[in-house]
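Worksheet for the structure shown next.
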Amino acid sequence: MSNDHPKIQLINIHKNFDSKPVLNNITIDIHSYESFVVIGGSGSGKSVMLKCILGLIRPDYGQIIINGQNIFELTTHNREQIMKKFGVLFQNSALFDSMSVLENVAFGLIHGLQMNRKKAYDKAIEKLYQVGLNINIAKLSPAELSGGMQKRVAIARAIVAEPDILFFDEPTSGLDPIMADIINDLIIKCVRELKATAISITHDMHSARKISDRIAMLYNNRLIWIGKTNEVDSVNNAYVNQFINGLANGPIKMELRR
Amino acid sequence: MIHLFSYVGCVFIGFLECIGQITIFTIISIYHCFSPPIYYRLIGRQLLEIGYFSLPVVGLTALFTGMVLALQSHDGFTFQAENMVATVVSLSITRELGPVLTGLMVAGRIGGSIAAEISTMRVTEQIEAIITLYTNPYKYLVVPRLIAGTLMLPCLVLVADIIGIFGGFLVGSYQLNYNSTTYIRSTLELLKPIDILSGLTKASVFGFVISLISCYTGYNSNGGAHGVGKATTNAVVLISILILTFNYIITALFFSK
């Protein structure tokens with residue numbers, strides 16, 4: 001599973017929003033071909049961490065190294081070259097509602113990679129088949145699709161350029177358990193077929209156990225545990241135990257107004 | 001008292017910060033207007049959206065403005081009303097009312113719509129999606145609107161000038177019983193190229209301002225549905241104020257002695 005050099009390294013990442021810390025000294029190594037899942041409650045900093053790796057948010061300090069290159073020290077052109085190896089599934093799919101499904105999937109190929117329109121549409125149709133959708137939905141708009149189908153379209157859009165690194169932000173949120181499991185299977189299939197490195201963030205433990213090789217947990221903006229997926233149920237950490245078992249009582253206190 | 005100073009200071013710093021952000025946004029946007037790739041298809045779509053689809057509202061506004069202007073100015077002139085009304089209508093329309101009213105109408109129709117569209121894309125993570133799909137959101141969202149706004153507003157104002165003057169002619173000829181030939185001759189004799197040119201220059205600046213500010217407020221919005229509403233309102237208000245401000249500046253540049 002792992003090579004000598006990590007594919008992605010986060011070194012001492014700190015990020016504050018208006019003096020409120022959202023990431024505090026996060027250090028993680030993610031290896032090639034690994035499926036890495038970050039779990040944690042709402043507001044624990046998972047999404048911000050993902051956006052930092054994607055280059056959408058700049059950390060206050062710390063380094064993010066991808067393929068041996070610190071992405072914040074690269075020129076815009078070189079950073080764009082690294083980003084061309086990314087595929088991202090957003091939490092609410094983030095499909096472009098002014099375009100058809102086909103145009104959504106082909107978007108990155110046409111506008112980002114300057115591919116010929118006909119070629120891009122052919123490739124988009126191929127990817128739609130790959131995620132279990134057929135040509136009939138290609139002309140529909142995203143608003144006409146169910147949540148599960150929108151996720152599939154978003155996965156097709158994420159994998160259409162055959163990226164090296166896949167990011168999944170809450171891939172099963174808002175889906176029924178059966179559809180969530182279908183999406184989990186689809187993620188595993190896509191990651192294997194592309195021989196990609198995958199980083200997912202979720203608070204769905206069923207999904208985390210199923211799609212990951214390793215899991216890390218964030219709590220209170222800090223990394224509190226990291227280990228192999230098969231170790232998560234036997235770990236001697238009260239915070240992790242409470243979270244993975246979904247218990248109301250334990251050291252993790254929810255911010256509730258009384 | 002100290003609270004008052006503190007409040008005024010905060011508002012002033014916020015104002016300067018906003019100006020700085022708009023300046024940076026403008027520089028980045030203009031840079032991307034001249035660097036490849038240029039999305040010609042998107043520019044074409046925006047030319048149609050901003051120009052062609054605004055024609056009815058701009059045309060109607062100009063027509064009734066020209067008609068009202070002829071009616072109102074008729075009362076003010078007892079001698080040579082035919083000549084004077086024609087001059088007032090043509091100069092007012094070409095120099096001021098054509099560009100300003102067209103700018104304000106397009107600000108309401110297009111400015112609000114651009115701000116709402118881009119801010120919705122912001123709050124639903126579609127702009128982040130554009131970035132992760134190897135596409136520069138400035139090039140994809142801002143540049144086509146900026147180019148289309150700057151090019152189409154002068155065309156709309158030219159149409160508004162013609163329709164506005166025609167509106168004045170209709171009222172003059174058919175309601176006020178002026179001699180049509182005299183009215184047309186007066187219009188053509190007293191209208192100079194600089195009157196039209198100043199109006200078109202204003203239109204171009206207004207078009208740039210409308211597109212830029214609506215893209216800026218949309219791009220920097222946050223906070224869900226409330227954020228979208230706020231961005232739209234801010235865009236229309238700010239554009240309207242800027243149109244009136246630039247109108248004065250350009251008029252002073254062209255006509256002050």
Side-chain angles (χ1 to χ4, degrees), chain A residues 17 47-48 50-57 76-77 79-99 103-115 117 120 124 142-143 150 153-154 156-163 165-170 199, chain B residues 10 13-14 17 24 27-29 31-32 35-46 48-49 53 110 113-145 215 218-225 227-228:
Chain A
F17 285 143
S47 292
V48 176
L50 196 74
K51 285 182 178 174
C52 283
I53 303 173
L54 286 168
L56 299 174
I57 294 177
T76 308
H77 173 76
R79 199 154 86 198
E80 280 171 3
Q81 294 309 308
I82 285 204
M83 284 194 72
K84 284 181 181 171
K85 294 171 181 168
F86 293 174
V88 187
L89 171 72
F90 286 89
Q91 184 169 359
N92 295 313
S93 302
L95 296 173
F96 306 122
D97 41 25
S98 58
M99 298 176 196
E103 286 170 321
N104 261 282
V105 178
F107 183 94
L109 300 177
I110 294 169
H111 296 102
L113 304 178
Q114 312 295 313
M115 189 184 274
R117 230 162 240 276
Q150 286 185 6
V153 174
R157 188 176 70 175
I159 62 170
V160 73
E162 292 170 1
I165 305 172
L166 283 164
F167 297 87
F168 300 102
D169 185 356
E170 306 278 9
I199 304 172
Chain B
C10 282
I13 289 169
E17 198 180 329
I24 293 168
I27 292 167
I28 296 173
S29 303
Y31 167 76
H32 284 298
S35 67
I38 303 287
Y39 299 120
Y40 295 104
R41 188 185 283 251
L42 294 175
I43 294 171
R45 199 183 296 165
Q46 289 303 322
L48 211 62
E49 184 62 41
F53 291 120
I110 295 295
S113 140
I114 291 175
E117 186 181 350
I118 296 182
S119 57
T120 304
M121 293 182 79
R122 168 62 76 194
V123 300
T124 54
E125 292 186 310
Q126 289 180 49
I127 292 183
E128 281 86 345
I130 288 175
I131 297 169
T132 61
L133 290 166
Y134 341 116
T135 306
N136 188 313
Y138 280 91
K139 284 189 189 300
Y140 186 78
L141 295 173
V142 182
V143 168
R145 288 167 172 84
C215 288
Y219 200 86
N220 291 289
S221 68
N222 52 38
V228 175

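The figures that follow rest on heavy atoms only: side chains count, while hydrogens, waters and symmetry mates do not. All chains are named by letter (A, B, ...) in the order of the sequence lines, taking the proteins before the strands, and each is independently numbered beginning at 1.
- Both the backbone and the side chain of B:Thr132 have a heavy atom closer than 4.5 Å to some heavy atom of chain A.
- With a threshold of 4.5 angstrom between heavy atoms, A:Phe96 approaches chain B through its backbone and through its side chain.
- Under the salt bridge (charged side-chain N to carboxylate O under 4.0 Å, His left out) criterion, A:Lys51 pairs with B:Glu125, sequence neighbours left out.
- In terms of heavy-atom pairs under 4.5 Å with chain A, the best-connected choice from B:Asn136, B:Leu133, B:Ile131 is B:Leu133.
- If you tally non-hydrogen atom pairs under 4.5 Å between each of B:Leu42, B:Ile130, B:Ile127 and chain A, the highest count goes to B:Ile130.
- Checked against a 6.0 Å centroid threshold, the rings of B:Tyr219 and B:Tyr138 count as neighbours.
- When all heavy atoms of B:Val123 and B:Gly224 are compared, the pair lying nearest together is CG1-N, 3.6 Å.
- The two residues A:Ile110 and A:Ala120 come nearest to each other via the heavy atoms CG1-CB, 3.5 Å.
- No part of A:Arg79 comes within reach of chain B, as not one of its non-hydrogen atoms sits under 4.5 angstrom from that chain.
- Interface residue A:Leu95: only backbone heavy atoms are found under 4.5 Å from chain B.
- The nearest pair of heavy atoms linking A:Lys85 to A:Pro163 is O-CB, 3.1 Å.
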